[in-house]
**Q** 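Questions regarding the structure given below will be posed in turn.
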Amino acid sequence: MATEKLSVRLYNTLSGMKEGFRPLREDRVGMYVCGPTVYGEAHLGHARSAITFDIVYRVLKYAGYNVRYVRNFTDVGHLLNDADEGDDKVEKKALAENKEPQEVAQYYEAKYLWAVDSLNCLRPNLMPIASGHIMEQIDIVKALLDKGLAYESEGSVYFDVEKYNNTIKKYGVLSHRTLEDTKDNSRELAGQQEKHNPFDFALWKKAPKEHIMKWQSPWSLGFPGWHLECTAMGKKYLGEEFDIHGGGMDLLFPHHDCEIAQSVGAFGKMPAKYWLHNNMITIEGRKMGKSYNNFITITEMFSGTHHLLQKAYSPMTIRFFMLMAHYRSTLDFSNEALIASEKGFARLMEAKKKISSLPESKETSFPLKKIMEDAIDAVLDDFNTPICIANLFELCKHINSVADKKATISKEDKEYLEQNFNALCKDVLGLKEDNSGTDTKVVEGLMNLILEVRKSAREQKDYATSDKIRDALKEVGIEIKDSKEGAEWRLM
RNA sequence: GGUCUCUUGACCGAGUGGCUAGGUGCCGGUCUGCAAAACCGUUUACUCCGGUUCGAAUCCGGAAGAGACCUCCA
């Protein structure tokens, strides 16, 4: 009993075009996303990637697909400098902090998960770690050696890019660059004499003596090359060929092109049908990155402790901020933009709350279905969250008008509105109300008392007292709003 | 140097040939003891120069500026 699926369009980096999504298999969609290297705190860039593919996951589920979502943790094998220094990032951190590499990795894994959980990203079905898949990686190296697409040199094994390019498939199909381009521009790095060509990449590296993380292999005591883990884990959990492979744009070349070369070389198949890449976060027009030393961690966003931040921003503000831009555009950071998102998000949530208590009429006086359908369609069209949100704001305007009795809505339409508005906000966009802390009950009790005192002061026209209360509360960050129905408050 | 992308109003940010994007801000209004909030309304656009077209922010050519990848990175 195949259920009806909504049609999804997505931009495939491989073809450079927007395509209709046709899954490889009827029963399940496979999606692999390159996760973080766990040697440092999660930053805004990690947040963007996590949120982007969380939306992809949610939209596919909303469209009726059964999805297996895999996102790895890289806890080994990324070299800090170039190939032969043997300086692993996780390991370096471990030495600096006087810890086991695994201790470092697990610490930052937990931090990362906490951060993306806070941002209301659904957890992937599987979160494999690279160090847990050494055997699988060794098997791929063996397969490539058997096919003559790799060569051993001084205990390390390298992928023969030129041979692959000339006999199997063009190298660089994803980034749309030719081997000639790459040849002309590969930097001459120290210690590359082991390689036949500078653009060959390591499948297995012999570990220097002082290296802590190393495993036995047929070639040396060493560690796997840094493109190999995704190939190994993708194959293990999703098969030799799966539907979607995602990651940040910075991974497009060489990482993803190398993955393709390894997979095609070893298994004769393109690993994924659709390749999705989210764009970068910029800070004052420059890419944010660990190596640029201009990154803001997610924890700093929540606490407002980074020097570029004027205040703390809630997880949902950050999520909403990212959803206001399309995932394939760069997104420039600024306090102004974040504050705008914070206010806009509050407005959206206010309107959402009002829906259930709207007065019902015979007729609906605004084009509800058209706007809602546009909102739904936007998200199915290459995950266009900004257009979806624009339509939701359009609905907000009408919701407010109905609440003000300047427009009307029928009972059936109200149900349709509530159901779909909630589904889009909650299920598809993953937006929920921020509630701050567990002390809300106590605060609420206190606030009710204070507001009651102030109310009686106002009734006796003792405005000196009522204003004093209002001003004092403002001092501690609580804002009072007076209305006909009474006073309300909110944390600023 | 090679490959590629981008340039939209005060700010952020959609939009690929004709139809209001949207949010925030500003201004005006409603409401209010005052204020804030809320709500309603309004305002400022498509880097420049050519071309194609009945018609271009949108297509083509050129210029200027910015950025990304080529080296670890989401």
Side-chain angles (χ1 to χ4, degrees), chain A residues 16 33-37 39-40 42-53 74 78-83 87-89 172 175-178 180-187 189 199 226 246-255 277-282 285-292 295 320-321 324-326 328-348 350-351 354 374 378 384-394 396-397 399-401 403-404 406 458 461 463 466-467 470-471 474 479-484 487-490 492:
Chain A
V33 175
C34 293
T37 304
Y39 69 101
H43 55 67
L44 276 178
H46 292 119
R48 188 169 200 200
S49 179
I51 290 169
T52 296
F53 293 101
T74 296
H78 280 204
L79 299 170
L80 193 62
N81 289 309
D82 66 78
D87 222 0
D88 186 289
K89 284 186 285 197
S175 58
H176 306 109
R177 62 184 81 187
T178 65
E180 281 65 41
D181 296 338
T182 311
K183 259 184 194 167
D184 293 344
N185 300 299
S186 277
R187 235 175 32 167
L189 296 173
F199 43 76
W226 61 278
M249 230 163 223
D250 47 349
L251 298 177
L252 208 159
F253 188 88
H255 184 57
H277 293 94
N278 65 276
N279 216 319
M280 303 290 104
I281 297 271
T282 58
R286 270 215 103 71
K287 181 184 149 183
M288 189 184 83
K290 285 171 186 166
S291 51
Y292 292 80
F295 64 90
F320 191 71
F321 170 66
M324 294 268 284
H326 191 253
R328 284 193 285 116
S329 303
T330 55
L331 175 58
D332 196 51
F333 164 89
S334 71
N335 280 285
E336 225 179 340
L338 275 161
I339 289 165
S341 291
E342 186 173 54
K343 290 186 180 171
F345 178 63
R347 182 155 176 257
L348 188 71
E350 282 303 310
K354 278 187 205 167
D374 284 351
N384 203 323
T385 52
I387 290 195
C388 177
I389 290 169
N391 281 295
L392 290 179
F393 274 119
E394 198 59 36
C396 285
K397 200 165 68 180
I399 290 165
N400 287 324
S401 295
D404 283 357
K406 285 172 187 152
R458 294 181 75 215
K461 302 218 185 292
Y463 295 123
S466 80
D467 287 356
R470 186 172 62 194
D471 294 344
K474 200 166 187 174
E479 186 173 56
I480 301 294
K481 300 183 269 187
D482 289 320
S483 73
K484 249 183 259 174
E488 285 176 41
W489 63 275
R490 73 174 184 99
M492 289 191 292

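A note on names: the letters A, B, ... follow the listed sequences, proteins ahead of strands, and every chain is numbered from 1.
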**Q** For the P atoms, the ones on B:rC69 and on B:rA57, what distance do you get once it is rounded to whole angstrom?
**A** 33 Å

**Q** Quick check: do A:H43 and A:I281 have side-chain heavy atoms less than 4.5 Å from each other?
**A** no

**Q** What does the B/S/- profile of nucleotides 34-48 of chain B look like, 5' to 3', with a 4.0 Å heavy-atom cutoff to protein?
**A** BBBS-SSS-------

**Q** Can you list the residues that meet the salt bridge (charged side-chain N to carboxylate O under 4.0 Å, His left out) rule with A:K354, with sequence neighbours excluded?
**A** none

**Q** B:rC4 and B:rU43: how far apart are their P atoms, nearest whole angstrom?
**A** 42 Å

**Q** If I pick the P atom on B:rA10 and the same atom on B:rG62, what distance separates them, to the nearest angstrom?
**A**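 Looking at atom P only, B:rG62 and B:rA10 are 30 Å apart.
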
**Q** Pair A:E394, A:K397 - check salt bridge (charged side-chain N to carboxylate O under 4.0 Å, His left out), show working.
**A** CA-CA 5 Å; A:E394 198 59 36; A:K397 200 165 68 180; 3.5 Å; yes

**Q** How many whole angstroms separate atom CZ of A:R286 from atom C1' of B:rA66?
**A** 10 Å

**Q** Of A:H46 and A:S341, whose closest RNA chain B nucleotide lies nearer the 5' terminus?
**A** A:S341

**Q** Across nucleotides 4-15 of chain B, 5' to 3', mark each nucleotide with B, S or - according to how protein heavy atoms within less than 4.0 Å reach it.
**A** -------SSSSS

**Q** Salt bridge (charged side-chain N to carboxylate O under 4.0 Å, His left out) for A:D467 and A:R470? Distances and angles first, verdict last.
**A** CA-CA 5 Å; A:D467 287 356; A:R470 186 172 62 194; 3.4 Å; yes

**Q** If I compare all heavy atoms of A:M324 with all of A:P386, which pair ends up nearest, and what's the gap?
**A**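 Result for this residue pair: O-CB, 3.3 Å.
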
**Q** Shorter than 3.5 Å, N or O on both sides, protein versus nucleotides 63-65 of chain B: list them out with atom names.
**A**
none

**Q** List the residues meeting salt bridge (charged side-chain N to carboxylate O under 4.0 Å, His left out) with A:R328, not counting sequence neighbours, and say none if there are none.
**A**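 With neighbours one apart ignored, the set is A:D382.
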
**Q** Kindly assign one of parallel, tilted or perpendicular to the pair A:F393 and A:F320, based on the angle between their ring planes and the thresholds 30° and 60°.
**A**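 Perpendicular, since the angle between the ring planes exceeds 60°.
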
**Q** Contact class for A:L251 vs. all strands (heavy atom < 4.0 Å): base, sugar-phosphate, or nothing?
**A**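 Contact class for A:L251: sugar-phosphate only.
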
**Q** Expressed in whole Å, how much space separates the P atoms belonging to B:rG23 and B:rA38?
**A** 13 Å

**Q** Could you tell me the separation between the OG atom of A:S49 and the NE2 atom of A:H277, rounded to the nearest 0.5 Å?
**A** 10.0 Å

**Q** Considering non-hydrogen atoms only, spot the tightest contact between A:A351 and A:I399 and give its length.
**A** O-CG2, 3.7 Å

**Q** Check the distance between B:rG67's C1' and A:I281's CD1 and give it to me in whole angstrom.
**A**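 About 15 Å, once rounded to whole Å.
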
**Q** Dot-bracket for RNA chain B, please, read 5' to 3', with Watson-Crick or G-U wobble pairs under 3.5 Å on both distances, ( ) within the strand, [ ] crossing, | other strand, . unpaired.
**A** (((((((..(((.....[...)))..((((.......)))).....(((((..]....))))))))))))....

**Q** Provide the closest heavy-atom pair for A:G247 versus A:F53 in the form atom of the first, atom of the second, distance.
**A**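 Heavy-atom minimum between the residues: N-CZ, 3.2 Å.
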
**Q** Base, sugar-phosphate, or nothing for A:M249, non-hydrogen atoms under 4.0 angstrom?
**A**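 Contact class for A:M249: none.
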
**Q** How many whole angstroms separate atom CD of A:E342 from atom C1' of B:rG25?
**A**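 Distance, rounded to whole Å: 15 Å.
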
**Q** For A:N279 and B:rG67, give me the distance from atom CG to atom P, rounded to whole Å.
**A**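 Going from CG in A:N279 over to P in B:rG67 covers 15 Å.
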
**Q** Looking at B:rG33, B:rC72, B:rC69, which one has an atom nearest to any side-chain atom of A:Y463?
**A** B:rG33

**Q** Which heavy atom of A:C396 sits nearest to which heavy atom of A:L348, and what is that distance?
**A**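 The answer is SG-CD1, 3.7 Å.
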
**Q** Considering only the P atoms, how many Å lie between B:rC54 and B:rG15, rounded to the nearest integer?
**A**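 Straight-line distance between the two P atoms is 29 Å.
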
**Q** Rounded to whole Å, how long is the line connecting atom CG of A:D250 with atom C1' of B:rC73?
**A** 5 Å

**Q** Might you work through the side-chain contact (heavy atoms from CB on, under 4.5 Å) test for A:R48 and A:N279, ending with a clear yes or no?
**A** CA-CA 8 Å; A:R48 188 169 200 200; A:N279 216 319; 3.9 Å; yes

**Q** Between A:L252 (CG) and B:rC72 (P), how many Å, whole number?
**A** 15 Å

**Q** What is the minimum heavy-atom distance between A:W226 and A:P254, and which atoms define it?
**A**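 Between these two residues, the closest heavy atoms are CH2-CG, 4.0 Å.
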
**Q** Could you work out the separation of B:rG50 and B:rG67 based on their C1' atoms and round it to a whole Å?
**A**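 Approximately 26 Å lies between the C1' atom of B:rG50 and that of B:rG67.
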
**Q** When all nucleic acid strands are considered with a 4.0 Å heavy-atom cut-off, which category describes A:H277: base, sugar-phosphate, or nothing?
**A** nothing

**Q** Quantified in whole Å, what is the P atom distance between nucleotide B:rU47 and nucleotide B:rA56?
**A**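 Nearest-Å result for B:rU47 against B:rA56 at atom P: 15 Å.
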
**Q** Round to the nearest Å and state the distance from A:M280 atom CE to B:rC69 atom P.
**A**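 Between P of B:rC69 and CE of A:M280: 8 Å.
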
**Q** Roughly, in whole Å, what's the span from CD1 in A:I389 to C1' in B:rU24?
**A** 14 Å

**Q** Please work out if A:G248 contacts a base, only the sugar-phosphate, or nothing of the nucleic acid, heavy-atom cut-off 4.0 Å.
**A**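 Counting heavy atoms under 4.0 Å across all strands, the contact made by A:G248 is with sugar-phosphate only.
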
**Q** Could you give the distance separating B:rC40 and B:rG25 at their P atoms, to the nearest angstrom?
**A** 13 Å

**Q** Looking only at heavy atoms, which two atoms of A:D332 and A:G285 are closest? And how far apart?
**A** OD1-N, 3.0 Å

**Q** Check the orientation of A:F321 and A:F333. Use parallel for under 30°, tilted for 30 to 60°, and perpendicular for over 60°.
**A** perpendicular

**Q** Taking the side chain as C-beta and beyond, is there a heavy-atom pair between A:I387 and A:H326 under 4.5 Å?
**A** no

